[in-house]
Structures are given as structure tokens and as C-alpha cells.
Amino acid sequence: MADRLADARILVTGGAGFIGSAVVRHLLADTGAFVVNVDALTYAANLNSLPGAEGNPRYRFEKADIRDAAAMRRLFETYQPTGVMNLAAESHVDRSIDGPGVFVETNVVGTYTVLQEALRHFRALSPEAQKRFRMMHISTDEVFGTLGADGFFTEETPYAPNSPYSASKASSDHLVRAWRETYGLPTIVTNCSNNYGPYHFPEKLIPLMILRGLSGGELPVYGAGANIRDWLYVEDHARALALVMERGVPGESYNVGGWNERTNLDVVHVICDLLDRLAPPLGHSRRDLIKFVTDRPGHDMRYAIDASKIERELGWRPDESFESGIEKTVAWYLANRDWWAPLVAGADGGALARRGTL
Ligand code: NAD
């Protein structure tokens with residue numbers, strides 16, 4: 001296993017976030033890659049999501065902002081990476097509606113800055129090293145807009161983003177494509193469905209419902225809870241991204257998804273039932289805690305990913321079904337109060353309580 005990516009040096013931006021930390025944990029545990037975690041440590045970051053990383057000789061943490069060109073240049077010069085996995089982003093749709101500016105700054109201008117510094121680095125490499133270099137950009141299926149009752153997003157689906165978040169991600173995907181077409185930077189884009197799993201910041205639907213349901217609080221669900229999302233266990237996503245770094249073809253994009261469509265209401269029901277089984281009982285079903293609230297503006301109805309390209313071309317398959325992954329996730333939150341309690345009690349706790357929806 002450790003001979004995978006054995007002499008790779010990978011800059012992972014956003015490595016203290018939800019998906020980035022899963023990627024760092026996977027690269028350290030299951031490959032031989034040297035990993036540089038580049039993260040500005042916004043509210044969404046948590047270095048406690050990386051147990052055992054500090055002290056690993058194949059790991060470095062660098063506090064830096066992807067919008068800071070001088071900092072990015074220094075990191076490329078210092079570490080001479082063989083690849084970049086760009087996960088640093090503002091990622092919460094509701095926050096993008098309240099305050100879109102920072103989404104444009106980080107997701108668009110930040111990605112532009114990483115691209116420019118990656119290109120400067122790439123141009124200075126030997127032809128051999130250039131052949132190996134990969135600039136991966138991690139994006140979302142939300143760039144494709146919304147689906148009706150049928151069909152799936154494929155790599156050919158036209159972009160039609162509807163929220164400030166998805167528009168900022170779509171913009172960054174276009175920049176990445178253009179840096180390949182115009183400058184020959186070997187870029188790869190991945191577009192993934194909704195992730196869930198351990199170490200997920202509790203403003204997002206699944207951890208929010210777990211923690212509120214645990215304490216018997218209200219469970220706010222947008223509209224009638226009929227919106228459909230396609231869920232992927234975060235560790236399956238991390239494995240997909242490492243595989244794309246190893247075997248992905250520059251200039252290509254890969255859709256990543258778990259073939260696990262669920263309505264939001266179904267997701268909340270499953271969480272309620274798991275909590276009723278695994279957590280101290282409340283004396284009534286936790287489904288009674290559900291409260292339907294005014295829908296989010298521009299709320300996309302359905303996302304569903306066709307993941308057959310990455311399955312066919314790179315041999316990736318998700319290990320977890322939604323049922324197995326969600327049970328693991330609920331069990332993880334029950335066993336890891338030390339990780340989430342400070343977040344709920346901390347400065348953002350009030351905001352979490354007010355916001356309370358995905
Ligand atoms: P997250 O919000 O949990 O983490 C983002 C990380 O980026 C944080 O550690 C934060 O400190 C860091 N960051 C933010 N701005 C930065 C900046 N200017 N400079 C350096 N670091 C900065 O997000 P996530 O859920 O882990 O998502 C990671 C990536 O995957 C994002 O690009 C997101 O668009 C994409 N994605 C997420 C999902 C999902 O379901 N969460 C699905 C598909 C794609």
C-alpha cells in the first residue's frame with residue numbers, strides 16, 4: 001500500500017477541512033506520499049480532525065491563504081510538489097447566500113492564485129517532472145444546476161450553477177480548464193456529490209441533525225424535505241481523489257458519487273431512527289422533532305451523479321452504501337463528543353443554532 005504514490009509530494013489545500021482532512025488521513029495511512037497541508041484555518045478548519053498527523057515524518061502543516069500569491073510561491077519553491085489537490089474553499093451554501101463576497105475571493109481568486117503559482121512551478125520543472133505533475137481541483141456536482149425527476153449529471157452536462165457557492169465553484173472549474181487549454185498546465189477536475197461522515201462541521205445537514213436529535217432539539221427541514229441529494233461517504237471520496245492523482249488523465253474531469261439518492265426527509269428519518277436505537281432514548285420517536293421551515297431561495301431540487309466514468313476508467317468503487325455509512329457516522333458522533341462539543345459551545349455555536357439548516 002505504502003508504495004502507492006511513494007515518492008509523491010502533494011500540496012493539499014484545505015487539508016484541515018472536512019474532505020481535505022479525510023484526504024490527508026488517507027494519504028498518510030494508505031500511501032507513501034509526503035503531504036503538505038496548506039490551510040488558512042477559517043471557521044471550518046479543525047486540526048483535531050488530523051489525529052496523529054503532527055509528528056508523522058511525511059506530514060507538514062503550513063498556515064497560508066490560497067489568495068496570497070507570495071505565500072503560495074514560497075510553498076511551491078520550498079516543497080517542490082509533484083502534485084496539488086486544491087480543496088481550500090468556502091463551502092456552505094447558506095453562508096454564500098448571506099455573504100457571497102468571500103466565496104468569490106477564496107473560490108475564484110484563490111483558485112486563480114494557486115493556478116498561477118502552480119504554472120510558474122510547472123514551467124521550471126524538468127521535462128520528466130513536468131510529465132508527472134498534476135494540478136487537481138476538487139469541485140462539486142452543484143455546478144451542473146438542478147435535475148428533474150430523471151437523469152444524472154455526467155462529465156458532459158453543461159454548467160448551470162444556481163447559488164453563489166456553486167457559481168463560484170463553476171467559475172474556478174472554468175479557470176482550471178482554461179489554464180490547461182491556454183498554458184498546458186496538466187489539470188484534472190473532479191465533481192463530487194454531497195459528502196458526509198466523521199469530522200463534518202456541524203452546520204451541515206447530517207451532523208446538525210445528529211447533534212440536535214441527540215439532545216432532543218428541533219430538527220429544521222427546508223420546504224417539505226423533498227429535495228434530493230446524492231450522498232457519498234467522505235472516505236470513499238478521499239480514496240477516489242488519491243486514485244485520480246495516481247491514474248487520472250490531465251485535461252479530463254471525473255464525476256464522483258455514491259449512487260445514493262435520498263430526499264432530505266429520508267435522510268433525517270434514518271438519522272432519527274439510528275439515534276433512537278443507538279443513543280439514550282427520549283421517550284418518543286425523534287421523528288417527532290422534525291419541523292418544516294421556509295425553503296432556501298434557489299434551492300436545487302435534485303442532484304444525482306453518474307459515476308460510471310471513474311468506475312470504468314480508474315476502477316474506483318464506493319465501499320459504503322448510504323445505510324452502512326450513515327450508521328458509522330452516527331456512531332462516530334456518539335463516540336467523539338470531544339471533537340464536536342467545543343464547536344457547538346464555541347463562538348459559532350450561536351450561529352449554528354440560528355442557522356440550523358443545510
Ligand atoms: P470545508 O469548509 O469543510 O473546508 C474548507 C477548508 O478550506 C477549511 O479547512 C478552511 O480553513 C480552508 N480554507 C478556506 N478558505 C481558505 C483560504 N482562502 N486559504 C486557505 N485555506 C482556506 O469544505 P469541505 O466540505 O471539506 O470541501 C472541500 C472542497 O470540496 C471544497 O472545494 C468544496 O467545494 C468541495 N466539495 C465539497 C462537497 C461536500 O459535500 N462537502 C462536495 C463536493 C465538493
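Because the structure is a prediction, the values reported are computed rather than measured. Every number for a ligand or one of its atoms is a count from 1 in the order of the listing. The residues of the chain are indexed from 1 along the displayed sequence.
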Students should be able to answer this: which protein heavy-atom is nearest to [atom], and at what distance?
atom	result
atom 40 (O) of ligand 1	Asn195 N, 2.8 Å
atom 8 (C) of ligand 1	Asp39 OD2, 3.6 Å
atom 17 (C) of ligand 1	Asp65 OD1, 3.6 Å
atom 32 (O) of ligand 1	Lys169 NZ, 2.6 Å
atom 28 (C) of ligand 1	Leu87 O, 3.4 Å
atom 26 (O) of ligand 1	Ile19 N, 2.7 Å
atom 19 (N) of ligand 1	Ile66 N, 2.9 Å
atom 3 (O) of ligand 1	Phe18 N, 3.0 Å

When Phe144 is tested against each of Tyr159, Tyr303, Phe152 for ring-ring contact (aromatic ring centres under 6.0 Å, His included), which residue passes?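 Between Phe144 and the candidates, ring-ring contact (aromatic ring centres under 6.0 Å, His included) is satisfied uniquely by Tyr159.
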Does [X] come within less than 4.0 Å of ligand 1, judged by its heavy atoms?
X	value
Ala16	yes
Ser21	no
Thr13	no

Mark up the atoms of ligand 1 that fall under 4.0 Å of a heavy atom belonging to [X], in ascending order.
X	answer
Cys192	42 (C), 43 (C)
Leu41	11 (O)
Ala44	2 (O)
Ala64	19 (N), 20 (C)

Is a side-chain donor-acceptor pair under 3.5 Å present for [Y] with [X]?
X	Y	answer
Trp231	Glu261	no
Ser166	Ser163	yes
Asp173	Ser139	yes
Asn260	Asp230	no

Do NZ/NE/NH1/NH2 and the carboxylate oxygens of Arg212 and Glu218 come within less than 4.0 Å? no
Is a salt bridge present between Asp7 and Arg132, judged by a nitrogen-to-oxygen distance below 4.0 Å? yes
What is the distance from atom OG1 of Thr329 to atom OH of Tyr199, rounded to the nearest 0.5 Å?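 Thr329 OG1 to Tyr199 OH: 12.0 Å, rounded to 0.5 Å.
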Check: [Y] and [X] side chains under 4.5 Å, non-hydrogen atoms:
X	Y	answer
Asn107	Tyr165	yes
Leu11	Met85	no
Val234	Phe18	yes
Val84	Met136	no

Among Glu62, Arg74, His121, find the residue that satisfies the side chain to side chain donor-acceptor pair (under 3.5 Å) test when tested with Tyr79. Glu62
[X] contact mode with ligand 1 (heavy-atom cut-off under 4.0 Å):
X	answer
Arg67	side chain
Ile138	both
Tyr165	side chain
Glu105	neither

For [atom], the option (of [options]) bearing the nearest heavy atom:
atom	options	answer
atom 44 (C) of ligand 1	Ser168, Ser139, Gly257	Ser139
atom 14 (C) of ligand 1	Ala88, Ala89, Ser193	Ala89
atom 4 (O) of ligand 1	Gly17, Gly14, Ala40, Ser172	Gly17

For ligand 1, is there an N or O atom under 3.5 Å from any N or O atom of [X]?
X	value
Thr42	yes
Thr106	yes
Asn194	no
Ser91	yes

Ring centers of His200, Tyr333 separated by less than 6.0 Å: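 No, ring centres 6.0 Å or more apart.
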Answer yes if Leu274 and Trp340 sit in the same cluster of Ile, Leu, Val, Met, Phe, Trp and Tyr residues linked by side chain heavy atoms under 4.5 Å apart, and no otherwise.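 Yes; tracing contacts between hydrophobic side chains, which count when under 4.5 Å, links both residues.
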